[in-house]
Amino acid sequence: MGLVSRYWILVTIDSFSRCRNDVIKSAQDFFNEQFPELTNQTEIPDRKIQRQLMQLYQSSDPRSEMAEKCLRCFISNVLKESCMALERKFAEKHYLYSTEILPLVLDVAQKKSPSTKDKEESLTTQILSTFNPNKSNLSTWVTIIFKTYSAVKNTLKEHGIVQLTDWTILRYTTHTRLKQALSNLQLTQTEITQAVKLLDSFHQVYCTQLSSYRKAKPDSKFTTAKYPQPTKEQLNQMVEIVYGEKIISCEEFLEELQKLATQLRENWTQPKQKKNQNNDNHEKVSKLPDYCIEPFDNCLHQSVEQVIQNRCNYIQRKGTQKGQQQANKYREALSLFHCHGVALKKIASQLGFTDQPHLSRFLKLKILREDIGRNLLLNLKKYVAELSGCSQSPDKLLELDARIQNMFGQEINKLIQEAEKEAKNGHRLVMKSRLAQSICQFITRYPHCNH
Amino acid sequence: MTNFITDLTNDLFEIDDIQGIINLETEQLQQAVLVSEQINNQDRQWQVYFQCLTLFAFEEWLCQREPSLTLHKEESSTLKHQYANVIDAVCNLEIGDFKVCLIPSMLLMNGEVAIPRAVIDLPEYAAHFYIVIGVDEESEIAAVKGFLRYEQLVNIKTELQPETDWNYYIPLAQFNQKVDELLLFLQCLAPTAIPLPEIPSSRENILRRVQLGLLNLLPELNNRPLWEVFTWEQGTAILTTPLLLNWVYQSINQNAVTLTNHLSDLLQILTQQTVNVGVWLADRVDDAVQTLSWQLIPAASELRSTLPSNSIEELEIILRDIQVQEEQLDIPATAIRAYQDIQLDELLRLYAIIWSLPEAENGWTLLLVLKTINENQSPSRFRLRVSDQIGILDEQDLITNNNNYIYTQVEGNYDDKFITTVISETGETQVFPAFEFIRE
């Protein structure tokens, strides 16, 4: 890594949300003047350059303004690289593209000089104003702030990606878990005892001082970490607890903690093992007797109505206008999908969702089908219990319960599976499954919420 | 570039089931902070905060998926300080007639789930369903990760040993991760289909057995978790006795002698036979009364007793004297009067006068008088202490000269029990069985 041009190429976002790279000639000239020896070198001493630029930037030297330009260029490059890196890792599985994040983090390209307000609110300014060249190099600092920036955090979260920091891991680790994890790694007893001491000191100092991070701070969009890196004072306190006197520096201690967290990380995030749920019993699917079809359909319609209505109520539970708009969008999307066979991707753009995953997270179709299935079973039971007067006898009711489960359980599974299969089909036709049709009927009958 | 990607993304974690994610709202996060700040034990605040997030997330999930089910959280352990102080789970929650217990865990962790053995092994806390809730505080999201029915959990548990921290560690993979089935059960199953164990009637025996150990160790707990100090048997006694849990919570950040004194009184109240003065009122000369060494004095109007009349007259004089000092004090004629002579460093007499308060106040009162019997001795000092289940109510010193007496009056409702202790200067102690008033 390490291109000198990162100090004079500025990456910005234009008015069409596109990313653009501009060579800032004045910055380039300034940079070459300050670091003439670098022109032909392949190894770039970033740390040294940044220290020097920061010194100039923070001084009252007339060169301060140019130093700031170079630093801002560098930051913008690292931000862009970070977005690209996320795309590379998460595009395929999580539909995360750099085009979604770049506009959140980069400054907007402006012909005139930006207003002070814009400057104050920019992520670049925040990074620059909190950077300490003696503590880390600038690219590390950029990525740390980048990942805790609320807009980035929220977007990642929307795509199902969340950060698990070393400090969260250590906070949640108990003695028992620590010992289990470390003996799995075959550490010696002495090493484990030392690790326990380390963790204890961390808990003692760090965890009692956390509550200030729990209170919502309205203007804290840049520092949203609930478990921030321990401060120097905290580290010094921990060193004193573990070693009595100061025989190691707080930087060394920080590294010890980070090493411990890394050891625990693997143990924590082992892939989920799916339990064999014995789903593969291919039982013969029997056909529902004729006399059952009508009650089944009635209960199905009833369940569809209940579940969709519940969902609408939930979306607009706060009584806000936004909630109501969302609820209407929900119905419209359901209608487009189930009655008109429109593909999710198209619905998403038609109704103003960022992308298809965004719409899917909103519609939660899988959960909708499951909820309908479950309520269907419940309604059938109520229906049959009323009919047979079983509700007075718990034993009879239990027996009935089992029989209904037997009789309708498969039918309901079939219903859901059909609808699912149909929904997956990319070349959309109007949906024909009974569940889809029932949803369509209901939505057509009551196109507005609060019918 | 590869290094850069690794460095940037190595602490990012991917969530599989994104549709099942519950977003925690700002109000819920703030509410959790508020609740956690109310607990008077700094070491537990974070745990309570985490439990609140668990509880609110589950409530949100239920509301989203099946609004017909209502969660009753008023009695939940998390919202009661004495329980939240010692239990790392949200128990005593109810959905309809089902009891549920929420197990807080990390959303991003798929290894083992820690379940406090108290919520499985003690019927007081047992639930029909144990539900693992994963919370990610950093991203303010949560998910229902899995659940087990009581009998399934008990089955799994038989092959496990609890760790020294009084937790069972159970792999998440052993939980039913089809959480929709939980909703189905909650909606369609009868609670009787999952029988829960009865609370054993032998709880008091355990308490009696470990009483001495508790008296010695509880004052030394100093905010440490129970498992660091007690055996599981001792822990069982504490966890199944709400009054002891109250005591533990009260004792946080203090180590006063009064607390230890009260502990000894409390353990007496909990383990020793009590005197039901309600019986005295109904049947004046009862066998039980004799065996507990109290001598009943008939009211002044009905002098048919064979008792030495000096006690009757003496009490009359003292009561008149007290009523002069306390103008408000109105001792009804129906009040029960009793006395007991005790030998500590000197021969002492304790009078107990008991009556019901007017109907509207719904309670009863106990007036105690302590005096010496032999007047011609060098003065010495005795301490009279009265406690109820919650704390020490009064302490007074008697100096035995000049025919002195001391008195104290306590009031309570019909659930209250009062225990009296007299201690001599040399530390000789006489504890009287606690008084209780069970109305016929």
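So that the names make sense, note that chain A is the first sequence line, chain B the second, and so on, each numbered from 1.
For H203(A), no part lies under 4.5 angstrom from a heavy atom of chain B. Heavy atoms of E158(A) lying under 4.5 Å from chain B belong exclusively to its backbone. Heavy-atom distances place no part of F362(A) under 4.5 Å from chain B, backbone and side chain included. With a 4.5 Å cut-off on non-hydrogen atoms, K157(A) touches chain B through its backbone and its side chain both. L12(B) touches chain A through backbone and side chain together, each having a heavy atom under 4.5 Å away. Of the two parts of E25(B), only the side chain, counted from C-beta on, holds a non-hydrogen atom closer than 4.5 Å to a non-hydrogen atom of chain A. For A32(B), no part lies under 4.5 angstrom from a heavy atom of chain A. In this structure, the portion of K318(A) lying under 4.5 Å from any heavy atom of chain B is its side chain and not its backbone.
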Side chain to side chain contact (heavy atoms under 4.5 Å, CB included) between T9(B) and R88(A), worked out:
CA-CA 10 Å; T9(B) 58; R88(A) 267 187 219 194; over 6 Å; no
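Contact detail for E138(B) and K153(A): the closest heavy-atom pair is O-NZ, 3.1 Å. For the pair A85(A) and L8(B), the tightest heavy-atom approach, listed with the atom from each and the gap, is CB-CD2, 3.6 Å. When all heavy atoms of Q163(A) and S139(B) are compared, the closest pair comes out as N-OG, 4.4 Å.
For the set T140(A), I169(A), T143(A), I367(A), the entry with the most heavy-atom pairs within less than 4.5 Å of chain B is I367(A). Interface remark: of the candidates L378(A), V307(A), I144(A), L378(A) forms the most heavy-atom pairs closer than 4.5 Å to chain B. When E140(B), R65(B), E66(B), M106(B) are compared by the number of non-hydrogen pairs under 4.5 Å with chain A, R65(B) comes out ahead.
Between R171(A) and E137(B) there is no salt bridge, since none of the side-chain N atoms of the basic residue sits less than 4.0 Å from a carboxylate O of the acidic one.
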